[in-house]
**Student:** 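Pasting a structure below so you can have a look.
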Amino acid sequence: MSMPRVAVVQRAPVFLDRDATLASAIAALAEAAGNGARLVVFPESFVPGYPAWMWRLRPGPDMALTERIHARLRANSVGLAAGELAPLSEAARAHNVAVVCGIHERDDESGGGTLYNTVVIIGADGALLNRHRKIMPTSPERMVWGCGDATGLKAVDTPAGRVGALICWESYMPLARYALYAQGIDLYVTPTYDSGERALATMQHIAREGGCWVVSCGCAFRGRDIPQGFPGKAELFPEGEEWVNPGDSVVVAPGGKVVAGPLHEECGILYAQVDPERVGMARRSLDVVGHYARPDLFRFEINREPQRVMRQRAVA
């Protein structure tokens with residue numbers, strides 16, 4: 001049985017610039033495909049950059065600056081219906097690789113005023129296989145993103161295996177994880193801003209619990225990676241070598257062994273071969289949705305109905 005190669009891209013985006021970040025992603029995708037990758041993973045909200053500024057802004061006194069930054073962010077967010085992710089989809093098709101990528105998604109269907117922390121899975125044919133919106137933004141992230149629903153809690157087939165994706169601290173939500181385990185995933189993929197020993201321990205736990213490969217793609221950038229035109233840069237991100245986030249991307253095998261990474265305070269592409277046979281081997285003794293599920297004792301339900309502000313009914 002073949003062992004597909006996965007590439008984890010840990011590079012800084014071009015903050016608040018959608019087109020330039022997509023161009024960077026396409027270049028990284030081409031490099032990874034040239035090195036034999038069948039699945040390429042990008043960080044949380046990579047297009048056009050994780051909003052690290054929200055951890056440094058004060059909710060009241062910095063409101064004017066927050067609004068300036070958010071206006072730039074919204075203008076460079078991704079409208080899926082508008083085809084603004086098309087360059088990355090076309091690159092996936094051209095290189096015959098699947099892609100998992102975090103984006104700021106603009107919801108134009110409901111007025112365009114709400115952004116979502118979204119992860120998309122693009123097939124090797126360039127088709128959008130899944131869109132998952134982060135269920136619960138973490139702490140000050142709620143000043144940037146709305147809450148998602150369960151429509152994207154699904155697994156899809158890719159050349160690297162059956163993939164399910166959650167975002168950052170969704171990995172601490174047991175029922176969200178279980179929703180993916182129950183669909184027979186081979187790879188649990190998580191674009192994330194989390195890092196450090198706690199994050200690594202969580203990835204190892206998930207690999208053991210789910211009997212699956214875990215691919216965690218972290219955000220890594222320094223203050224100097226924030227462009228000069230960024231509003232409030234001097235106060236929020238002074239020039240220098242400070243790592244705002246160290247990245248710590250990692251690949252963990254079923255059972256919990258780290259096979260690649262963590263890639264710490266470094267930008268690059270992490271590679272790993274994923275052996276699908278190891279999934280079945282890991283679940284021989286622990287299958288949390290099989291012989292360890294006990295459906296006679298426990299029941300699990302998901303509300304997959306999309307969130308809608310207005311529902312229209314036909315009038316007789």
Side-chain angles (χ1 to χ4, degrees), residues 8 10 41-46 50-52 54-55 100-104 116-121 130-155 163-183 185-220 244-258 261-264 282 286-289 292-293 298 300-304 307:
V8 186
Q10 183 172 290
V41 182
F42 293 93
E44 179 178 5
S45 56
F46 184 67
Y50 180 85
M54 292 311 307
W55 297 91
V100 177
C101 185
I103 64 172
H104 290 263
Y116 291 96
N117 182 349
T118 295
V119 58
V120 295
I121 304 178
N130 193 38
R131 177 202 69 184
H132 169 64
R133 293 171 171 173
K134 192 174 186 180
I135 297 171
M136 178 53 66
T138 302
S139 199
E141 291 179 354
R142 296 167 200 167
M143 298 174 67
V144 181
W145 296 308
C147 295
D149 56 31
T151 56
L153 286 178
K154 65 180 183 179
V163 171
L166 293 179
I167 305 167
C168 200
W169 271 25
E170 288 184 318
S171 291
Y172 296 110
M173 301 176 71
L175 298 184
R177 299 197 307 266
Y178 197 86
L180 298 185
Y181 299 155
Q183 298 173 68
I185 59 171
D186 302 308
L187 293 92
Y188 177 105
V189 179
T190 175
T192 184
Y193 194 70
D194 207 2
S195 62
E197 294 182 1
R198 179 187 62 186
L200 175 58
T202 299
M203 297 303 103
Q204 292 179 291
H205 168 83
I206 292 171
R208 175 59 175 159
E209 177 183 68
C212 54
W213 289 89
V214 173
V215 180
S216 175
C217 185
C219 302
V244 180
N245 196 285
D248 290 344
S249 294
V250 68
V251 179
V252 185
K257 181 180 179 180
V258 175
L263 194 61
H264 181 74
L286 177 64
D287 186 349
V288 295
V289 296
Y292 255 77
F298 306 109
F300 179 52
E301 296 180 357
I302 303 175
N303 177 12
R304 295 194 181 278
Q307 293 183 31

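Only a predicted model underlies this, so the values are computations on that prediction, with no experimental measurement involved. Worth knowing before you read on, the calculation uses all heavy atoms, side chains too, and leaves out hydrogens, waters and symmetry mates.
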**Student:** How are the rings of W145 and H104 set to each other: parallel, tilted or perpendicular (split at 30° and 60°)?
**Tutor:**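 Tilted: the ring planes of W145 and H104 meet at 30° to 60°.
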**Student:** What are the two closest heavy atoms between V119 and P191, and how far apart are they?
**Tutor:**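 Taking V119 first and P191 second, the nearest heavy atoms are CG2-CG, 3.8 Å.
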**Student:** Do E44 side-chain atoms and C168 backbone N/O form a donor-acceptor pair below 3.5 Å?
**Tutor:**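 Flag not set: sc E44 to bb C168 has no pair under 3.5 Å.
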**Student:** Determine whether L200 and E197 satisfy the following criterion, side-chain contact (heavy atoms from CB on, under 4.5 Å), listing intermediate values before the conclusion.
**Tutor:** CA-CA 5 Å; L200 175 58; E197 294 182 1; 5.6 Å; no
**Student:** For the pair D194 and Y172, evaluate side-chain contact (heavy atoms from CB on, under 4.5 Å) and give the outcome as yes or no after the intermediate values.
**Tutor:** CA-CA 11 Å; D194 207 2; Y172 296 110; 2.9 Å; yes
**Student:** Checking side-chain polar atoms at under 3.5 Å, does Y50 have a donor or acceptor matched by the opposite partner on E141?
**Tutor:**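 Yes, E141 and Y50 have a side-chain donor paired with an acceptor closer than 3.5 Å.
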**Student:** Quickly, which of Y178, Y292, Y181 forms a side chain to side chain contact (heavy atoms under 4.5 Å, CB included) with E209? Name it, please.
**Tutor:**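 Of all the options given, the one that passes is Y181.
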**Student:** Crowded around R208 CZ? As in, over 12 foreign heavy atoms under 6.0 Å?
**Tutor:**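 Atom CZ in R208 is not crowded, with 12 or fewer foreign heavy atoms closer than 6.0 Å.
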**Student:** Mind listing the closest non-hydrogen atom pair of I302 and A150 along with its distance?
**Tutor:**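 Heavy atoms of I302 and A150 come nearest at CG2-CB, 3.6 Å.
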**Student:** Which atom names give the shortest non-hydrogen contact between E170 and R133, and what distance separates them?
**Tutor:**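 In this case the closest contact between E170 and R133 is OE2-O, 4.1 Å.
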**Student:** For a 4.5 angstrom cut-off between non-hydrogen side-chain atoms, does P137 reach V144?
**Tutor:**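 Contact flag for P137/V144 side chains = no.
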**Student:** Testing the 3.5 Å rule here: is there a donor-acceptor pair between the side chains of Y188 and S171?
**Tutor:**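 Note: Y188 and S171 side chains meet the donor-acceptor criterion.
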**Student:** Could you tell me whether the side chain of I135 reaches within less than 4.5 Å of the side chain of L153, counting heavy atoms only?
**Tutor:**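 When only atoms from C-beta onward are counted, I135 and L153 do touch, with a gap below 4.5 Å.
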**Student:** Using a 3.5 Å distance criterion without hydrogens, assess whether the side chain of S45 forms a donor-acceptor pair with backbone atoms of G102.
**Tutor:**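 No; zero donor-acceptor contacts below 3.5 Å.
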**Student:** Hey, what do you get for CG (L175) to CG (L180), rounding to the nearest 0.5 Å?
**Tutor:**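 These two atoms lie 11.5 Å from each other.
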**Student:** Could you grab the distance from atom CG of L263 to atom CD of Q10, nearest 0.5 Å is fine?
**Tutor:**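 Answer rounded to 0.5 Å: 4.5 Å.
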**Student:** Please name the pair of heavy atoms, one in G218 and one in S249, separated by the smallest distance, quoted to 0.1 Å.
**Tutor:**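 The answer is N-OG, 2.8 Å.
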**Student:** V163 and I185: which non-hydrogen atoms are nearest, and at how many Å?
**Tutor:**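 Shortest heavy-atom contact: C-CG2, 4.1 Å.
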**Student:** Give a yes or no answer on whether the side chain of D248 reaches the backbone of P262 with a donor-acceptor pair at less than 3.5 Å.
**Tutor:**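 Not at all, since once roles are kept as given, no pair shorter than 3.5 Å links the two residues.
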**Student:** Checking the side chain of T190 only, and the main-chain atoms of T192 only, is there a donor and an acceptor separated by less than 3.5 Å?
**Tutor:**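 Side chain of T190 to backbone of T192: no pair is present.
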**Student:** Output the distance between atom SG (C147) and atom CZ (R142), rounded to the nearest 0.5 Å.
**Tutor:**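 Answer rounded to 0.5 Å: 7.5 Å.
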**Student:** OG1/T118 to CZ/R131 distance, rounded to the nearest 0.5 angstrom?
**Tutor:**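 With rounding to 0.5 Å, OG1 (T118) is 6.5 Å from CZ (R131).
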**Student:** Using every non-hydrogen atom in the two residues, find where D149 and Q307 come nearest and quote the distance to one decimal.
**Tutor:**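 In terms of heavy atoms, the two residues are closest at OD2-N, 3.0 Å.
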